[in-house]
Amino acid sequence: METAKINELSIAGTKVVYEGSFINDDLLLINDFANLPLPNEPRRVKCIIVGLCLHGKAQYSVDTEDRNVHPNDVIMIHNGQVLDNYMLSPDFHGIGIMLSEVFYHEIIKDIHELSSLFLFSRSHPVFNLSADESFMISQYYKALQYKVDDQNHHFRTEAVRSLLLTMLYDLSNAIFRLQQNNDKRQTRAEAIFTAFIKLVEENFRRERRVSWYGERLFITPKYLSETVKLVSQKTPNEWIDNYVLLEIRVLLKNTTMNIKEIAQQLNFPNQSFLGKYFKEHVGMSPSEYRKI
């Protein structure tokens, strides 16, 4: 009998056909990508995927660009990207972590320096680690699996977040080294995108106008929109909304702030306006989201 393929490249969709350690629909550990029943057609990813190749070779395409993977290579796949054309060598072995975007941003919410991981992996979705770094990441994975499976641990989710944060620090340190040795110059479009994301990170709580970001970057809103869309497949408005919505979710789930206080902190005219904005994008009111 043929194994059922993953219909949707999300944590919830993968859990239907793959038994891995997980926390709700926020995190899923993949012990071996070779055992993951990947679909035969292009699929848009609805989470963040971090993978590490331990043995063998692999090939896949992301947003129609082919990528080759070798031992000690890390792969980073972002929410919204389209995957296709998977090919694994017979001896391939690789581990992976699927993270919801909300869970990921809850982990790094106070550490903007970690955005370097995100930005670098946009233009370098496959990068190589030293043997020692690869071993270290595989040890983090084992510790994560042990902690995720410890259902009786009262602070299980918090402990997993802490382990993931430490792992991301070490990945970012490896990326910093690679950036220093990277001779490839950023294109103007990549430089604009990088500067835009950094501006958004610093200002999204009080400024959501694309024109404002264009002025700070000394380019027109139209040129900014075209450039950001070219590099990331998302518009500036989508990026800004993404940061704002993730912040609202984090505040709803991790603080006791009421809706009015959240609206004031994020520079909404009033709590009614925030409620309409949140429901339009998330499909439920802030109060409903807080209860789930």
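Remember, it's a predicted structure, so these values are computed and weren't measured experimentally.
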Q: Do side-chain atoms of Asp32 reach the backbone of Ala34 as a donor and acceptor pair under 3.5 angstrom?
A: yes
Q: Does Met284 share a hydrophobic cluster with Phe268, counting links as ILVMFWY side-chain heavy atoms below 4.5 Å and allowing steps through other members?
A: yes
Q: Indicate yes or no: at least one non-hydrogen side-chain atom of Ile248 is less than 4.5 angstrom from one of Leu266.
A: yes
Q: Can you pull out every side-chain hydrogen bond (donor to acceptor under 3.5 Å, both in side chains) where at least one residue sits in residues 209-225? Sequence neighbours excluded, please.
A: Glu207-Arg209
Q: Does the side chain of Ile49 reach to within under 4.5 Å of the side chain of Met76, using non-hydrogen atoms?
A: no
Q: For residues 46-62, which residue pairs pass the side-chain hydrogen bond (donor to acceptor under 3.5 Å, both in side chains) check, not counting sequence neighbours?
A: Glu8-Lys46, Ser61-Asn85
Q: For Asn258, does its backbone N or O pair with a side-chain atom of Glu261 as donor and acceptor, under 3.5 Å?
A: yes
Q: Whether Glu65 and Arg67 form a salt bridge (side-chain N of Lys/Arg under 4.0 Å from carboxylate O of Asp/Glu) is what I want to check.
A: yes
Q: Roughly how far, to the nearest 0.5 Å, is the OG atom of Ser272 from the CD1 atom of Ile259?
A: 11.5 Å
Q: From His93 NE2 over to Leu88 CG, what is the distance, rounded to the nearest 0.5 angstrom?
A: 12.5 Å
Q: Can a side-chain donor-acceptor contact be found between Tyr141 and Asn31 if the only test is distance below 3.5 angstrom?
A: yes
Q: What pairs of residues pass the side-chain hydrogen bond (donor to acceptor under 3.5 Å, both in side chains) test when at least one of them lies in residues 274-284, not counting sequence neighbours?
A: Asp241-Tyr277, Asp241-His281
Q: Counting heavy atoms not belonging to Glu19, are there more than 12 under 6.0 Å from its CD?
A: no
Q: Do Leu224 and Leu230 sit in the same hydrophobic cluster, where Ile, Leu, Val, Met, Phe, Trp and Tyr count as joined when their side-chain heavy atoms come under 4.5 Å apart?
A: no
Q: Between Ser89 and Asp91, does the side-chain hydrogen bond (donor to acceptor under 3.5 Å, both in side chains) criterion hold? Intermediate values first, please.
A: CA-CA 5 Å; Ser89 66; Asp91 62 340; 2.7 Å; yes
Q: Apply the test side-chain contact (heavy atoms from CB on, under 4.5 Å) to residues Ile6 and Leu36: give CA-CA distance (whole Å), side-chain angles for both, the deciding distance (0.1 Å), then the verdict.
A: CA-CA 8 Å; Ile6 296 172; Leu36 197 65; 3.8 Å; yes
Q: A side-chain contact here means heavy atoms from C-beta on lying under 4.5 Å apart; do Ser21 and Leu28 qualify?
A: no
Q: Between Asp84 and Glu41, which heavy-atom pair has the shortest distance, and what is it?
A: OD1-C, 3.8 Å
Q: Answer yes when Arg188 and Glu190 have at least one side-chain N-carboxylate O distance shorter than 4.0 Å, and no when they do not.
A: no
Q: Among the clusters formed by ILVMFWY side chains lying less than 4.5 Å apart, do Phe135 and Tyr146 turn up in the same one?
A: no
Q: Measure the shortest side-chain to side-chain distance between Val74 and Leu129 over non-hydrogen atoms and say whether it is less than 4.5 angstrom.
A: yes
Q: Take Gln265 and Ile262 through the side-chain contact (heavy atoms from CB on, under 4.5 Å) test and state the conclusion after the steps.
A: CA-CA 5 Å; Gln265 179 156 324; Ile262 294 174; 5.7 Å; no
Q: With side chains defined as the heavy atoms from C-beta onward, is the minimum distance between Leu29 and Ile97 less than 4.5 Å?
A: yes
Q: I'd like to know if the side chain of Glu288 and the backbone of Ser285 have a donor-acceptor N/O pair within less than 3.5 Å.
A: yes
Q: Between Arg44 and Leu9, what is the shortest heavy-atom contact and its length?
A: O-CB, 4.0 Å
Q: Find out whether Thr235 and Val228 are in side-chain contact, i.e. whether some heavy atom of one side chain is under 4.5 Å from a heavy atom of the other.
A: no
Q: Which value, rounded to the nearest 0.5 Å, describes the distance between Asp26 atom CG and Thr157 atom OG1?
A: 8.0 Å
Q: What heavy-atom pair brings Val69 and Val126 nearest, and what distance separates the two atoms?
A: CG2-CG2, 4.3 Å
Q: Are Leu144 and Tyr169 joined in one hydrophobic group, where the rule is that I, L, V, M, F, W and Y side chains link up if heavy atoms are under 4.5 Å apart?
A: yes
Q: Can you get from Val82 to Val45 by hopping between Ile, Leu, Val, Met, Phe, Trp and Tyr side chains that sit under 4.5 Å apart?
A: no
Q: Grab the two heavy atoms, one from Val200 and one from Tyr243, that are nearest each other, plus how far apart they are.
A: CG1-CD1, 3.7 Å
Q: Any non-hydrogen side-chain atom of Arg206 less than 4.5 Å from a side-chain atom of Asn203?
A: yes
Q: To the closest 0.5 Å, what do you measure between OG (Ser100) and CG (Asp25)?
A: 8.5 Å
Q: Measuring from atom CH2 of Trp239 to atom CD of Glu201, what distance do you get when rounded to the nearest 0.5 angstrom?
A: 10.0 Å
Q: Are Tyr289 and Phe278 near enough that their ring centres are under 6.0 Å apart?
A: yes
Q: Strictly by modelled atom types, are Asn72 and Asn128 linked by a side-chain donor-acceptor pair under 3.5 Å?
A: no
Q: Out of curiosity, Glu133 CD to Ser130 OG, how far, rounded to the nearest 0.5 Å?
A: 3.5 Å
Q: Just wondering, do Ile77 and Pro125 contact through their side chains at under 4.5 Å, heavy atoms?
A: no
Q: Considering all heavy atoms of both residues, which atom of Arg156 and which atom of Asp150 are nearest to each other, and what is their separation?
A: CD-O, 3.3 Å
Q: For the residue pair Ser10 and Met98, what are the closest heavy atoms and their distance?
A: O-CE, 3.7 Å
Q: Apply side-chain contact (heavy atoms from CB on, under 4.5 Å) to Asn270 and Phe273, showing your working.
A: CA-CA 5 Å; Asn270 51 58; Phe273 195 96; 3.4 Å; yes
Q: Please test Leu83 against Arg43 for side-chain contact (heavy atoms from CB on, under 4.5 Å), starting from the C-alpha separation and ending with a verdict.
A: CA-CA 5 Å; Leu83 292 187; Arg43 287 286 190 277; 5.7 Å; no
Q: Under a 3.5 Å threshold, yes or no: a donor from one side chain and an acceptor from the other, between Asn35 and Tyr18?
A: no
